[in-house]
Amino acid sequence: QLDPGLKIIDNGSELTVDAGRIDITAEDDEGRLVVIELKAGTAPLDSITQLLAYMGTIENPEGKPIRGILVAGDFPQRVVYAAKAVPNLSLKSYSFQFAFIHR
C-alpha cells in the first residue's frame, strides 16, 4: 500500500550506512533504490535531513537513481515545504484504526 511495485531488499533488517541505520531499503518497479524512513507520530523537523543523509551514503555501485519516502503520522508544515524542494522524496502519512472485541 505504501507504493505500488515496491520490493523490500534488506532481508527484513535495518541497513547500516555511514549516516546511521535505514529502516527499510527497497527497490521500485523501475529498478530505483528506495530508502524508507519510519517515524512514529509527527515527523521531527530534522527527519528530511536524516533521510537525505541515508540516501547520500547508501552503497550504490550500479549508480541507480535513489528515491526517499518519509512515513509518519503527521508532518509539520516546514517538513512539507522542504520535501517539495526535493523531487525524488515523498511524504506518506499513515493512520490506523482498532476496535475492542468482546469474546
Side-chain angles (χ1 to χ4, degrees):
Q1 291 182 357
L2 181 63
D3 198 76
L6 277 186
K7 176 182 155 192
I8 296 174
I9 60 171
D10 60 15
N11 296 318
S13 62
E14 293 180 333
L15 177 65
T16 301
V17 295
D18 288 343
R21 292 188 318 233
I22 298 172
D23 289 331
I24 300 172
T25 308
E27 187 175 88
D28 68 14
D29 55 2
E30 295 181 23
R32 296 176 292 196
L33 290 173
V34 182
V35 175
I36 303 168
E37 178 61 21
L38 308 172
K39 296 296 183 189
T42 301
L45 293 176
D46 67 346
S47 55
I48 296 281
T49 305
Q50 180 184 12
L51 180 55
L52 290 174
Y54 293 160
M55 292 168 65
T57 60
I58 191 168
E59 188 174 319
N60 186 13
E62 297 171 14
K64 294 180 179 182
I66 299 174
R67 294 175 44 215
I69 301 175
L70 178 59
V71 179
D74 196 17
F75 300 96
Q77 197 58 47
R78 287 182 68 185
V79 171
V80 174
Y81 292 146
K84 285 181 181 181
V86 184
N88 57 335
L89 191 145
S90 59
L91 305 178
K92 303 278 185 167
S93 60
Y94 64 82
S95 66
F96 57 91
Q97 181 177 1
F98 68 93
F100 293 102
I101 301 170
H102 297 282
R103 299 204 184 246

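Along the sequence shown, residues carry numbers from 1. For the numbers below, each heavy atom of this structure counts, side chains included, while hydrogens, waters and symmetry mates do not.
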Enquirer: Could you pull out the closest heavy-atom pair between F75 and K92, with the gap in Å?
Expert: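 Nearest heavy atoms, F75 then K92: CZ-O, 3.5 Å.
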Enquirer: Using only atom types and a distance under 3.5 Å, with no angle test, would you say the side chain of N88 pairs donor to acceptor with the backbone of I66?
Expert: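 Yes, N88 side chain to I66 backbone: donor-acceptor pair under 3.5 Å.
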Enquirer: Mind checking whether I48 and L91 have side chains closer than 4.5 Å, heavy atoms only?
Expert: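 Yes; the side chains approach each other to less than 4.5 Å.
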Enquirer: So, does D23 use its side chain to make a donor-acceptor pair with the main chain of L38 at under 3.5 Å?
Expert: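 Checked: pair present.
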Enquirer: Of all heavy-atom pairs between T42 and P76, which one has the smallest distance, and what is that distance?
Expert: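 That would be CG2-CD, 3.7 Å.
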Enquirer: Got a sec: does the OH of Y94 have more than 12 other heavy atoms crowding it under 6.0 Å?
Expert: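 Result for OH/Y94: enclosed.
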Enquirer: Check L15, T25, I24 against I9 for a side chain to side chain contact (heavy atoms under 4.5 Å, CB included) and give me the one that passes.
Expert: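 In the set L15, T25, I24, the residue that makes a side chain to side chain contact (heavy atoms under 4.5 Å, CB included) with I9 is T25.
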Enquirer: Are the side chain of N60 and the backbone N or O of K64 linked by a donor-acceptor pair below 3.5 Å?
Expert: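 Between the backbone of K64 and the side chain of N60 there is a qualifying donor-acceptor contact (under 3.5 Å).
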Enquirer: I need the minimum non-hydrogen distance between S93 and G73, along with the two atoms involved.
Expert: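 Taking every non-hydrogen atom into account, CB-O, 3.9 Å.
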Enquirer: Are the side chain of Y54 and the backbone N or O of R21 linked by a donor-acceptor pair below 3.5 Å?
Expert: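 It does hold such a pair.
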Enquirer: Can you find a pair of side-chain heavy atoms, one from M55 and one from R67, that are under 4.5 Å apart?
Expert: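 No; the side chains remain at least 4.5 Å from each other.
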Enquirer: Does V71 form a side-chain contact (heavy atoms from CB on, under 4.5 Å) with I69? I'd like the steps, not just the answer.
Expert: CA-CA 6 Å; V71 179; I69 301 175; 3.9 Å; yes
Enquirer: Is any side-chain heavy atom of K39 closer than 4.5 Å to a side-chain heavy atom of P44?
Expert: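 Answer yes - side chains close enough.
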Enquirer: Taking atom CG of D46 as the centre, does the number of heavy atoms from other residues, nucleotides or ligands within less than 6.0 Å exceed 12?
Expert: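 Enclosed.
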Enquirer: For a 4.5 angstrom cut-off between non-hydrogen side-chain atoms, does I36 reach L6?
Expert: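 The answer is yes; the side chains approach within 4.5 Å.
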Enquirer: Hey, does V34 have a side-chain heavy atom less than 4.5 Å from the side chain of D3?
Expert: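 D3 vs V34: side chains apart.
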Enquirer: Can you give me the closest heavy-atom contact between L70 and A43, atom names plus distance?
Expert: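 Heavy atoms of L70 and A43 come nearest at CD2-CB, 4.3 Å.
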